[in-house]
Amino acid sequence: MTVSRIVTIGELPNAQLTDKSVLLHNTGGADGKDKNVTVAQMRDYLVKPEADRAKEAEAKLQANIDAEQKRAKEAEAKESAERKSADNAEAQARQSADNAEAQARQSADTTLQANIDAETARAENAESDLQTALDAETATRKTDVSNAKTVNTALLLAAAQVLERKLKAELERAVNAENELFEAAENESERASRAETELQAQLDTLKADEQTEGSIAQAVNTVKTDILANITDTVTDIANTEIPKLTESALADVKKQVTAAQTQTSALTVFDTRNDNQTPEWYMKTYPRRVVWEFKNSSTIGISSNLYVSLETIVQWSDSSGNYPTQYARQHSSCWVRHGTSLTSWSSWVKVH
């Protein structure tokens, strides 16, 4: 049996080794031949497998990095698409809301203008009817005056009283027509205000309500002033030219009635009820289909500003079938609003300006 023997060649400094340098010498191998193991052979045996494993690991790592980068790009593209879709949906929703608000405002403005035009036409018709009645009365009075030259003083005074009653009736009809116009305009203001409040709850806008209310008040005041001026001119002409022979006391009574009617229709009373906080039911019973102004202590009606306010209460109907009253409390440039929620309670105050 042949026994091989491995002989280690003498050690050399690393600097003197080359790929062909012999590291091991095998004497008497299995085939009976001597073999040498060089530096290159030893490196291939020991180092190459490790280098192959390192390359394989590096290839796997690069593949993982590429896959992760691809997933990151796909996620980023997906997120960008979703964000763009969300932005488009939000823009469409905002545009739809803006269009709905514009249509609602236009509809409310159209309805309000139509009602104002209708009320103006009714006021003009009432004024025309009054003028016709006054013209007829003037013609009748001219005949009566010409015939009354032979009539005693008692008959003349009786005629003056008849004229006074008719003047009062005509003035009352004019005042009623004015009140109807004012109520209709206030009702339209309330409907426009409700529409504005509903839109504001969705889009947080409320200031147009104040502007609409101001334009209505201006239109109503203009119509009221014109009617009152025409009534005053007509009555004054009759008093100065058509009944010059009335007694001074009778003429003074007629003028007194005219002045009282003018005062009543040209001014609105602000009631001092500073310590009262009435229920919606009280307003519907006390001021049905009316608008009332009051002087209030703000703390009495639940506003914490601790100052005085002017309280405007719009009572659009005489019971809850026409909705409960709405109140506006104003203090300098500030304004609060609330509405009835039952016969005995109000909603919380909301500051709108």
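- Annotation for S333 and H353: closest pair O-CD2, 2.7 Å, computed over non-hydrogen atoms.
- Shown here are the salt bridge (Lys or Arg N to Asp or Glu O under 4.0 Å) partners of E82, two or more places apart in sequence or in another chain: there are none.
- Evaluated for a side-chain hydrogen bond (donor to acceptor under 3.5 Å, both in side chains) with Q113, the options D117, D109, T110 yield exactly one hit, D117.
- The CH2 atom of W317 sits 11.5 Å away from the CZ atom of R290 when rounded to the nearest 0.5 Å.
- Under the rule for a salt bridge (Lys or Arg N to Asp or Glu O under 4.0 Å), the partners of E56 that lie at least two apart in sequence or sit in another chain are K60.
- The CG atom of L311 sits 11.0 Å away from the CG atom of D276 when rounded to the nearest 0.5 Å.
- For F295 and F271, the ring centers sit 6.0 Å or farther from each other.
- Smallest separation of non-hydrogen atoms from S318 and R289: N-CG, 4.4 Å.
- In plain terms, the two heavy atoms of Y328 and C335 that are nearest each other are CD2-SG, 4.1 Å.
- For N88 and Q92, the side-chain atoms include no donor-acceptor pair closer than 3.5 Å.
- Within the 4.5 Å cutoff, the side chain of V292 has no heavy atoms near those of the I314 side chain.
- Using a 4.5 Å cut-off on side-chain heavy atoms (C-beta onward), Q316 and N323 make contact.
- Judged purely by atom type and a 3.5 angstrom limit, T120 uses its side chain to pair as donor or acceptor with the backbone of I116.
- The closest donor-acceptor contact from the side chain of K296 to the backbone of T273 lies under 3.5 Å.
- With hydrogens and angles disregarded, a donor-acceptor distance shorter than 3.5 Å links the side chain of W346 to the backbone of Q278.
- Proximity of a side-chain donor or acceptor of S128 to a complementary backbone N or O of E124 within less than 3.5 Å is not detected.
- Salt bridge absent: E76 and K73 never bring a charged side-chain N and a carboxylate O closer than 4.0 Å.
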Which is it for E68 and N64 under the side-chain contact (heavy atoms from CB on, under 4.5 Å) test, yes or no, and what are the steps along the way?
CA-CA 6 Å; E68 187 63 30; N64 290 335; over 6 Å; no
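- The minimum heavy-atom distance between V270 and E294, with the atom names listed, is CG1-C, 3.8 Å.
- Put simply, OG on S304 and CH2 on W336 are 8.0 Å apart, with the number rounded to the nearest 0.5 Å.
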Audit row: Q331, Y308, side-chain contact (heavy atoms from CB on, under 4.5 Å) steps and yes/no
CA-CA 7 Å; Q331 179 189 100; Y308 295 112; over 6 Å; no
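- Considering OG of S310 and CH2 of W293, their distance stands at 10.0 Å, rounded to 0.5 Å.
- Rounded to the nearest 0.5 Å, atoms OG (S334) and NE2 (H332) are 8.5 Å apart.
- Checking side-chain atoms of T279 against main-chain N and O of W282 turns up a donor-acceptor pair under 3.5 Å.
- Here the side chain of S347 pairs a donor or acceptor atom with the backbone of H339 at under 3.5 angstrom.
- Annotation: the span from I301 atom CD1 to R338 atom CZ amounts to 6.0 Å, rounded to 0.5 Å.
- With hydrogens and angles ignored, the 3.5 Å screen pairs a side-chain donor or acceptor of N297 with a backbone N or O of S299.
- Judged purely by distance below 3.5 Å, without hydrogens or angles, the side chains of Q131 and D135 pair a donor atom with an acceptor atom.
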side-chain contact (heavy atoms from CB on, under 4.5 Å), that's the test. Do V291 and T313 meet it? Break it down for me.
CA-CA 6 Å; V291 179; T313 304; over 6 Å; no
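- No side-chain heavy atom of L343 sits under 4.5 Å from any side-chain heavy atom of P280.
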Would you sort out whether Q327 and E312 count as a side-chain contact (heavy atoms from CB on, under 4.5 Å), showing the intermediate values?
CA-CA 6 Å; Q327 290 188 326; E312 176 188 1; over 6 Å; no
